[in-house]
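See below for the structure under consideration.
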Amino acid sequence: MKKILVTGGTGFIGSHTTVELQQKGYEVIILDNLSNSQEDVIDNITKITGVRPTFGKIDVADRTQLFDFLAKHQGIESIIHFAASKAVGESVKEPLKYYRNNVNGVINILEAMKEFGISNLVFSSSCTVYGQPEVLPVTEQSPIQPALSPYGNTKQINEEIIRDFIKVNPELHAICLRYFNPVGAHPSSLIGELPLGVPANLIPFITQTAAGIRECLSIFGNDYDTPDGTCIRDYIDIVDLANAHIAAINRMEQGKQKTGVEFFNIGTGNGLSVLELVKTFEEATGQKLNYKIVGRREGDIEKVWADTSVANNELGWKAVVPISQTMLNAWNWQKKISNIK
Ligand code: NAD
Ligand code: UD1
């Protein structure tokens, strides 16, 4: 069995990716410092797959901890590096926390690849690197724009660090996946997103409103230059997203890369407005959602969605889960964690 290290593996995207990896026969070793997740996620992954992943409570930004851990787990061929701090608003208030955690994490991971002979890396990047693109849909050739937050800046800096390092270490390979908006939960309702406090992101706010935890969803602006005036995003199902990582690993394992570092947009290719998404949620779940229109949120992008043709053709990967099913999975997960029958 091929061994793979998943950093941030108890988090939202890492846990779903671990399930898909295990189901495709990989031996998964998870490392997470539990700064934004809980260890019982490991139990729930095990319930889904029947296989318990190895787990280490390790801070990837601490080089000694990481190296000691890897010295005990030889034979790893690939790393999927999810571990990072990801709250955009917090990154504006505490920029150094973000630079320290997210940039040191990548530097340590790259050094570890060299030291322990680990060939392949998948890095979690974001469509945030494109800012508000002038031309839609966004291709991988669209210009990278100045970052709107320290969080976004860490993604740009990390892409550059990876590019520079792979250039002089041609035996190593990397793929940066630029996610659009990851949403949903595993169909088993055993794992999903667990936001701390009041959710900043749309889907957890929607499901918590439907569950009665929040009184009302505030829709941030209906005066944008879009058909219904609300912002447009490309919402990608979490299991589809997880599978994009496996396609990326397979590409590197099979030596199919065209350059040492590659970049792929991971989305559905379809843009949905906030109002369209609310309507889809209501239709898919039968839940009426209490919402009101309020002013714009500072820093929001008006519209963005992916051109996924490169990912489709090169990775042989495509998003397949319908958004109505994604909304139903997100709602079932919310019901589970809120004990709603
Ligand atoms: P998450 O917070 O659910 O998962 C990240 C995990 O990393 C958490 O379990 C956290 O405890 C862990 N972690 C953080 N710092 C660590 C450290 N120093 N050492 C070890 N573990 C550490 O977030 P997620 O949504 O699963 O995101 C995963 C990755 O994808 C992140 O790099 C994020 O920036 C990126 N990303 C996420 C989104 C999104 O909307 N969710 C969009 C684009 C990119
Ligand atoms: C956010 C991050 C971005 C990250 C992306 C991936 C910010 C500014 N950006 O983007 O860096 O890559 O997540 O998940 O946080 N909305 C409401 N009401 C709410 C919440 C959201 O109307 O209560 C709207 C927003 O205005 C936006 C859409 O819903 O139009 C999606 O918002 P959100 O889920 O926060 O994601 P992004 O803003 O796309």
Side-chain angles (χ1 to χ4, degrees), residues 6-17 30-39 41 56-62 65-66 69 80-92 97-98 100-102 104-106 108-109 123-131 147-149 151-152 154-155 158 176-183 191-196 198-206 208-209 214 216-222 224 226 230-236 238 241-242 245 266 272-275 277-278 291-304:
V6 176
T7 78
T10 44
F12 175 43
I13 309 175
S15 57
H16 290 80
T17 303
I30 288 181
L31 156 179
D32 201 298
N33 67 355
L34 304 178
S35 56
N36 197 35
S37 57
Q38 287 161 7
E39 197 172 342
V41 168
K57 184 170 181 290
I58 299 291
D59 180 354
V60 76
D62 181 327
Q65 271 189 37
L66 176 67
F69 182 75
I80 307 183
H81 181 48
F82 293 109
S85 305
K86 67 155 184 178
V88 176
E90 185 189 53
S91 81
V92 176
K97 173 180 171 184
Y98 277 68
R100 182 176 291 123
N101 199 36
N102 296 4
N104 283 350
V106 161
N108 291 342
I109 285 292
F123 172 66
S124 299
S125 192
S126 167
C127 69
T128 189
V129 302
Y130 301 116
L148 293 168
S149 69
Y151 165 75
T154 67
K155 293 297 173 197
N158 280 337
C176 298
L177 298 181
R178 293 173 177 159
Y179 313 151
F180 282 64
N181 286 53
V183 292
I191 52 173
E193 195 172 4
L194 274 174
L196 291 175
V198 182
N201 296 114
L202 181 60
I203 304 300
F205 208 104
I206 287 180
Q208 290 195 6
T209 305
R214 311 281 156 212
C216 181
L217 166 73
S218 295
I219 295 182
F220 299 136
N222 67 349
Y224 285 101
T226 60
T230 64
C231 293
I232 294 178
R233 297 286 183 277
D234 185 335
Y235 297 95
I236 168 85
I238 187 69
L241 176 63
H245 295 80
I266 303 298
L272 274 184
S273 75
V274 179
L275 280 171
L277 197 72
V278 166
Y291 69 84
K292 61 179 180 207
I293 307 288
V294 300
R296 292 182 176 195
R297 177 170 73 177
E298 203 190 318
D300 259 340
I301 301 291
E302 181 171 85
K303 50 191 164 194
V304 63

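Each ligand, and each atom within it, is numbered from 1 in the order the structure gives. Here the structure is a predicted model, which means the values were calculated and not measured.
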| message | I'd like to check whether Asn101 has a polar contact with ligand 1, where a contact means an N/O of the residue lying under 3.5 Å from an N/O of the ligand. | response | yes

| task | Decide whether an N or O pair under 3.5 Å exists between Ser126 and ligand 1. | result | no

| said: List ligand 2 atoms under 4.0 Å from Ser126, heavy atoms only on the residue side. | reply: 12 (O)

| Test item: side-chain donor near acceptor, Glu90 and Tyr98, under 3.5 Å | yes

| field | Heavy-atom donor-acceptor pair, Asn102 side chain to Ser85 backbone, under 3.5 Å | value | yes

| message | Checking the side chain of Thr7 only, and the main-chain atoms of Ala83 only, is there a donor and an acceptor separated by less than 3.5 Å? | response | yes

| query | Among Lys86, Arg233, Arg178, which residue places a heavy atom closest to atom 37 (P) of ligand 2? | reply | Arg233

| said: If we only consider heavy atoms of Ile58, is any one of them less than 4.0 Å away from an atom in ligand 1? | reply: yes

| query | Closer than 4.0 angstrom: is that true for some heavy atom of Gly299 and an atom of ligand 2? | reply | no

| note | Restricting to heavy atoms, the pick from Gly105, Pro182, Ala84 nearest atom 42 (C) of ligand 1 would be Pro182

| message | If you measure every N or O of Ala83 against every N or O of ligand 1, does any of those distances drop under 3.5 Å? | response | no

| said: Under a 4.0 angstrom heavy-atom cut-off, which atoms of ligand 1 come close to Ser124? | reply: 29 (C), 30 (O), 32 (O), 35 (C)

| query | Can you find an N or O of Tyr151 that's nearer than 3.5 Å to an N or O of ligand 1? | reply | yes

| said: Need the ligand 2 atom indices (1-based, order shown) with element for anything under 4.0 Å from a heavy-atom of Leu217. | reply: 18 (N), 23 (O)

| Does Cys127 reach ligand 1, in the sense of a heavy atom lying below 4.0 Å from it? | no

| message | For ligand 2 and Tyr151, I'd like to know whether there is a polar contact (N/O to N/O, distance under 3.5 Å). | response | no

| query | Going by the order shown, which atoms of ligand 1 are within less than 4.0 Å of some heavy atom of Leu34? | reply | 11 (O)

| task | Look at atom 23 (O) of ligand 1 and find which of Glu193, Lys86, Gln65, Gln38 reaches it with the closest heavy atom. | result | Lys86

| said: Is it the case that atom CZ in Arg100 sees more than 12 heavy atoms from other parts of the structure closer than 6.0 Å? | reply: no

| note | Here the atoms of ligand 2 under 4.0 Å from any heavy atom belonging to Asp300 are 25 (C), 26 (O), 38 (O)

| Donor-acceptor under 3.5 Å (Asn201 side chain, Ile203 main chain) | no

| remark: Ranking Asn102, Asp32, Val60 by closest non-hydrogen atom to atom 6 (C) of ligand 1, top hit is Asp32

| query | Counting both backbone and side chain atoms, is some N or O of Gly8 under 3.5 Å from an N or O of ligand 1? | reply | no

| For atom 19 (C) of ligand 2, which of Tyr179, Phe220, Phe205 has the closest heavy atom? | Phe220

| query | Does Lys155 have a non-hydrogen atom less than 4.0 Å from ligand 1? | reply | yes

| query | Among the heavy atoms of Tyr235, does any lie under 4.0 Å from an atom of ligand 2? | reply | yes

| Just which atoms of ligand 2 are under 4.0 Å from any heavy atom in Pro182? | 14 (O)

